[in-house]
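Take a look at the structure below.
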Amino acid sequence: MPELPEVELYCRYFAGHALGRGVAAVRVLDARILGVREHVLRRALIGREFVDVRRHGKHLFASAGTSWLHLHFGMSGDLAFYRDDAEAPRFARVVFDFEDGNHLAYDDMRLFGVVDVTPDPDVFIAEHRLGPDPLDPAFHLRDFRQIVSKRRGAVKSLLMSQEIIAGMGNLYADETLYRSSIHPRRTVDGLSDAEVKMIFTNMRAILKEAITFKSRGGDYPGRYLVQHREEGDRCPQCGGTIQRTVVFGRTTYFCAKHQTLPRRKK
DNA sequence: TTCCATGTTCCGCA
DNA sequence: TTGCGGAACATGGA
């Protein structure tokens, strides 16, 4: 599930449950999830306390003093805080046992996520060449224009490339283009200034909205494309037909009526 | 049984 | 150099 809004909620969940708690033990239930040797993870956390938590794109960083726990959630990662072992989630891969008897499990059915340790989130971000976080207040339209001007190819590919913009995934890329009335296969160099601005504005609005209604436990509104991810469904915005295709290797939905491709010369 | 899944990485090709 | 297509990874649900 996790794209930027979901990881933002995990971040808040971590802040609400794990900050200020001392780590008594780290149990690795499936070492395939680790991006670091088990003893390095344990040494970094045991006997320490989580004092800060940050997010960049889809990545979560939690400070334990001198080093940071890094979590990436892949396709099915999740967090679960609980007291009673009977409440442990089914696919718990790493469990952090706190000194006060509570536990935080990193749960990930499909094992595409990563649990590891980094000395500094900023170094991690640089090393992994992650682009700016779209909700960073320091990320402005002029920065986005700068990025866009150096690119070609399909606009959806741009939105999904983590080294360009960190945090957008398949769903929110589709949602952004849907609201912007732009076909996912439009090429970046063919976008007008107004369209680039619309993508920038809608991308941030949608991510913020998603955080808001998800934090209230709600679902996406019916006007969202994500509620209509089915070939042949009716577009709630214009009544057009929802179509399915593949862009950047991912299943892509769009409205055939209000997200159109420019005519191509033969 | 087969296909699909909200992510990332790596390789080959144009 | 840039970008894309495809495959791989691991697992469960429709």
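Lettering of chains follows the sequences in order, A, B, ..., and the numbering in each one begins at 1. When reading the values below, keep in mind they use all heavy atoms of this one structure, side chains included, and skip hydrogens, waters and symmetry mates. This structure is a prediction, so every number in the text was calculated from the model and none was measured.
- Relative to the side chain of Lys58(A), the nucleotides dC4(B), dT8(B), dT6(B) differ in distance, and dT8(B) lies closest.
- Among dA10(C), dT11(C), dG13(C), the nucleotide with an atom closest to any side-chain atom of Arg90(A) is dG13(C).
- Here the side chain of Leu111(A) is nearest to one of dA10(C), dA5(B), dC4(C), namely dA10(C).
- Side-chain N/O atoms of Arg110(A) and base N/O atoms of dA5(B) include a donor-acceptor pair closer than 3.5 Å.
- Arg179(A) forms a cation-pi arrangement with Tyr224(A), by the criterion of a distance under 6.0 Å to the ring centre and an angle within 45° of the ring axis.
- At the heavy-atom level, Tyr172(A) lies nowhere under 4.0 Å from the strands shown.
- Comparing the C1' positions of dT6(B) and dG3(C) gives a spacing of 23 Å, expressed to the nearest Å.
- Here dG7(B) is the nucleotide among dG12(C), dG7(B), dG3(C) with the atom lying nearest to any side-chain atom of Asn170(A).
- The interatomic distance linking Leu9(A) (CG) with dT6(B) (C1') rounds to 14 Å, in whole Å.
- Between the side-chain ring of Phe112(A) and the base of dC9(C), a stacking contact exists by the 5.5 Å and 30° definition.
- Tested against Val94(A) for a side chain to side chain contact (heavy atoms under 4.5 Å, CB included), the candidates Asp108(A), Leu29(A), Leu34(A) yield a single pass: Leu34(A).
- Among the nucleotides dG3(C), dC4(B), dT11(C), the one closest to the side chain of Arg244(A) is dC4(B).
- In the set dC4(C), dT8(B), dG12(C), dT8(B) carries the atom at the smallest distance from any side-chain atom of Arg250(A).
- Side-chain contact between Phe112(A) and Ser76(A): absent, with no pair of heavy atoms (C-beta onward) separated by less than 4.5 Å.
- Atom-to-atom, CE of Met75(A) to C1' of dC4(B) comes out at 9 Å; the value is rounded to the nearest Å.
- For the pair Asp133(A) and Arg55(A), the salt-bridge criterion is met [side-chain N within less than 4.0 Å of a carboxylate O].
- Across all strands, Ser76(A) comes closer than 4.0 Å to no nucleic acid atom at all (heavy-atom distances).
- Across all strands, Gly249(A) comes closer than 4.0 Å to no nucleic acid atom at all (heavy-atom distances).
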